[in-house]
Amino acid sequence: MTATAMVKAEGVRKSYGSVEVLKGIDLEVAPQEVFCLVGPSGSGKSTFLRCINHLEKVSAGRLSVDGELVGYRQKGDKLYELRDSEVALKRRDIGMVFQRFNLFPHMTAIENVMEAPIQVKGETKAVARARAERLLDRVGLSDKAGNYPSQLSGGQQQRVAIARALAMEPKLMLFDEPTSALDPELVGDVLDVMRGLAEDGMTMIVVTHEMGFAREVGDSLVFMDEGVVVEAGSPRDVLTNPQHDRTKAFLSKVL
């Protein structure tokens, strides 16, 4: 692979006390790739996602985004942890959308989208507002700009959350089960927005239970269980012809 991987994990481990949640994850995500992570609850998918933007610190191994180590700098053969301010600076390039929407309840939809560029990047309100209007239009919510989160459905809140993450103009988007807290009829609108991002060439890592989305939009699919990568390949291959018994057992329950 000649281009720098957007995300590269080498032997990534994560422990909480004596419990090892990630047991040596090796994977690469290419620029503009839609990379889907599937597996049972507790398999380490969300933990791995949180390690990518240093919301969780890895216990061992190396993790880099766009060629730069996450949370550390290397000097000689030693790794030194970056200061919080330095981590925050790098985190600006990584958008994250959570299962729960985490919008600011006291701010309208457009204020939620404007907030980070103004506070973090020092943008003027006019510039931030113009982009926020474009992004709300993109996620199909330009008519809801003045609404507060409590006045929006779960699916609408999640689309505002996506717009908010995009407002920082990230090079990488992380989605942690973005549809699992939604009513089934609201899932499609959120997946449509993600589909549009994929078509625009956004690099995305998606932890999901939506196998149809993974098959249709994903470029790669990894099945994780108990902190290890059990199987990886193209979504179509893994979903229609899984090689590993554990993958077969999981897919027989979800497909």
Side-chain angles (χ1 to χ4, degrees), residues 7 14 16 21 36-37 41-42 44-57 65 70-71 84-85 87-121 123 128-129 131-142 144-194 196-197 202-210 213:
V7 177
K14 174 66 185 174
Y16 299 99
V21 183
C36 296
L37 281 172
S41 293
K45 310 181 300 293
S46 295
T47 302
F48 178 67
L49 215 57
R50 292 169 67 85
C51 287
I52 294 172
N53 64 359
H54 208 57
L55 288 174
E56 299 282 357
K57 297 174 186 178
V65 172
V70 174
D84 288 349
S85 57
V87 172
L89 208 58
K90 294 208 190 284
R91 203 179 275 146
R92 287 161 42 155
D93 292 332
I94 305 172
M96 185 152 186
V97 177
F98 299 88
Q99 193 171 342
R100 297 270 165 207
F101 329 118
N102 295 352
L103 296 177
F104 299 117
H106 60 290
M107 291 184 184
T108 61
I110 197 162
E111 288 168 348
N112 264 283
V113 180
M114 290 167 61
E115 179 72 0
I118 291 171
Q119 297 299 335
V120 180
K121 285 187 169 175
E123 283 185 2
R129 177 173 284 275
R131 185 191 301 106
E133 286 170 353
R134 283 199 307 276
L135 288 169
L136 286 176
D137 185 48
R138 180 178 185 173
V139 300
L141 290 173
S142 46
K144 303 288 186 190
N147 288 39
Y148 289 92
S150 60
Q151 300 168 313
L152 301 173
S153 72
Q156 290 168 337
Q157 290 185 59
Q158 192 60 294
R159 284 185 281 155
V160 172
I162 293 173
R164 181 176 65 176
L166 292 173
M168 290 295 284
E169 302 182 314
K171 54 175 106 167
L172 168 67
M173 284 284 282
L174 309 176
F175 292 90
D176 190 4
E177 298 192 15
T179 57
S180 62
L182 301 179
D183 293 336
E185 69 267 24
L186 303 175
V187 166
D189 293 337
V190 173
L191 293 180
D192 284 345
V193 170
M194 294 169 65
L197 288 178
M202 173 63 76
T203 311
M204 296 157 56
I205 302 181
V206 186
V207 171
T208 186
H209 294 297
E210 301 290 340
F213 174 84

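Please read all numbers here as calculations on a predicted model, not as lab measurements.
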Colleague: Walk me through whether Asn147 and Val160 qualify under side chain to side chain contact (heavy atoms under 4.5 Å, CB included).
Modeller: CA-CA 11 Å; Asn147 288 39; Val160 172; over 6 Å; no

Colleague: Looking at CD of Gln157 and CZ of Arg100, how far apart are the two atoms once the value is rounded to the nearest 0.5 Å?
Modeller: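 If I round to the nearest 0.5 Å, the distance is 10.0 Å.
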
Colleague: In the structure I gave you, are the side-chain heavy atoms of Gln151 and Gln156 within less than 4.5 Å of one another anywhere?
Modeller: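 The answer is no; the side chains never approach within 4.5 Å.
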
Colleague: Does any non-hydrogen side-chain atom of Pro170 lie less than 4.5 Å from one of Arg92?
Modeller: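 The answer is no; the side chains never approach within 4.5 Å.
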
Colleague: Kindly determine whether Ile94 and His54 satisfy side chain to side chain contact (heavy atoms under 4.5 Å, CB included), including the steps that lead there.
Modeller: CA-CA 10 Å; Ile94 305 172; His54 208 57; over 6 Å; no

Colleague: Enumerate the salt bridge (Lys or Arg N to Asp or Glu O under 4.0 Å) contacts for residues 109-121, please, sequence neighbours excluded, ordered by first and then second residue.
Modeller: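 The answer is Lys121-Glu169.
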
Colleague: State, yes or no, whether a side-chain contact exists between Leu197 and Ile162 at a heavy-atom distance under 4.5 Å.
Modeller: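 The answer is yes, as the side chains (C-beta and beyond) meet within the 4.5 Å cut-off.
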
Colleague: Out of curiosity, Arg131 CZ to Arg138 CZ, how far, rounded to the nearest 0.5 Å?
Modeller: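 Those atoms lie 12.0 Å apart.
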
Colleague: Looking only at non-hydrogen atoms, find the nearest pair between Gly154 and Leu186 and report the distance.
Modeller: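 Here Gly154 and Leu186 meet closest at N-CD1, 4.3 Å.
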
Colleague: Short question: side chain of Asn112, backbone of Met107 - any donor-acceptor pair under 3.5 Å?
Modeller: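 Answer holds: yes.
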
Colleague: Can you list the residues that meet the side chain to side chain donor-acceptor pair (under 3.5 Å) rule with Gln158, with sequence neighbours excluded?
Modeller: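 Partners of Gln158 by the side chain to side chain donor-acceptor pair (under 3.5 Å) criterion come out as none, since no residue qualifies.
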
Colleague: Determine yes or no for a side-chain-to-main-chain donor-acceptor pair under 3.5 angstrom, with Asp137 supplying the side chain and Ser142 the backbone.
Modeller: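 Answer holds: no.
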
Colleague: Starting at CG of Leu141, measure out to CD1 of Ile110 and round the result to the nearest 0.5 Å.
Modeller: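 Leu141 atom CG to Ile110 atom CD1 measures 11.5 Å (nearest 0.5 Å).
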
Colleague: If I compare all heavy atoms of Val97 with all of Ala161, which pair ends up nearest, and what's the gap?
Modeller: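 Closest approach of Val97 to Ala161, heavy atoms only: CG2-O, 4.2 Å.
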
Colleague: Mind checking whether Phe101 and Arg164 have side chains closer than 4.5 Å, heavy atoms only?
Modeller: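 No, every pair of side-chain atoms sits at 4.5 Å or beyond.
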
Colleague: Quick one: do Arg50 and Lys14 satisfy side chain to side chain contact (heavy atoms under 4.5 Å, CB included)? Show the steps, please.
Modeller: CA-CA 11 Å; Arg50 292 169 67 85; Lys14 174 66 185 174; over 6 Å; no

Colleague: Between Glu56 and Thr47, does any side-chain donor sit less than 3.5 Å from a side-chain acceptor?
Modeller: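 The criterion, which ignores hydrogens and geometry beyond distance, is not satisfied for Thr47 and Glu56.
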
Colleague: Please name the pair of heavy atoms, one in Ala165 and one in Gly95, separated by the smallest distance, quoted to 0.1 Å.
Modeller: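 Closest approach of Ala165 to Gly95, heavy atoms only: CB-CA, 4.2 Å.
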
Colleague: What are the two closest non-hydrogen atoms of Val113 and Ala163, and how far apart are they?
Modeller: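 Looks like CG1-O, 3.8 Å.
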
Colleague: Measuring from Leu136:CG to Thr108:OG1, what's the distance to the nearest 0.5 Å?
Modeller: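 Atom-to-atom, Leu136:CG and Thr108:OG1 are 9.0 Å apart.
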
Colleague: Might you work through the side chain to side chain contact (heavy atoms under 4.5 Å, CB included) test for Val65 and Leu172, ending with a clear yes or no?
Modeller: CA-CA 9 Å; Val65 172; Leu172 168 67; 4.1 Å; yes

Colleague: Under a 4.5 Å cut-off applied to non-hydrogen side-chain atoms, are Lys45 and Glu177 in contact?
Modeller: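 They are in contact (side-chain heavy atoms under 4.5 Å apart), so the answer is yes.
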
Colleague: Rounded to the nearest 0.5 Å, what's the gap from CG on Leu37 to CZ on Phe175? Could you check?
Modeller: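 Result: 13.5 Å between the selected atoms.
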
Colleague: In this structure, which one of Val190, Leu191, Asp189 forms a side-chain contact (heavy atoms from CB on, under 4.5 Å) with Leu182?
Modeller: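 The residue from Val190, Leu191, Asp189 that satisfies side-chain contact (heavy atoms from CB on, under 4.5 Å) with Leu182 turns out to be Val190.
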
Colleague: For the atom pair OG1 (Thr179) and CD (Glu210), what is the distance rounded to the nearest 0.5 Å?
Modeller: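 With rounding to 0.5 Å, OG1 (Thr179) is 4.0 Å from CD (Glu210).
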
Colleague: Should Asp176 and Met96 count as side-chain neighbours, where that means a heavy-atom distance under 4.5 Å?
Modeller: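 Yes, their side chains come closer than 4.5 Å.
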
Colleague: Does the side chain of Val206 come within less than 4.5 Å of Met194's, by heavy atoms?
Modeller: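 Yes - at least one pair of side-chain heavy atoms lies under 4.5 Å apart.
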
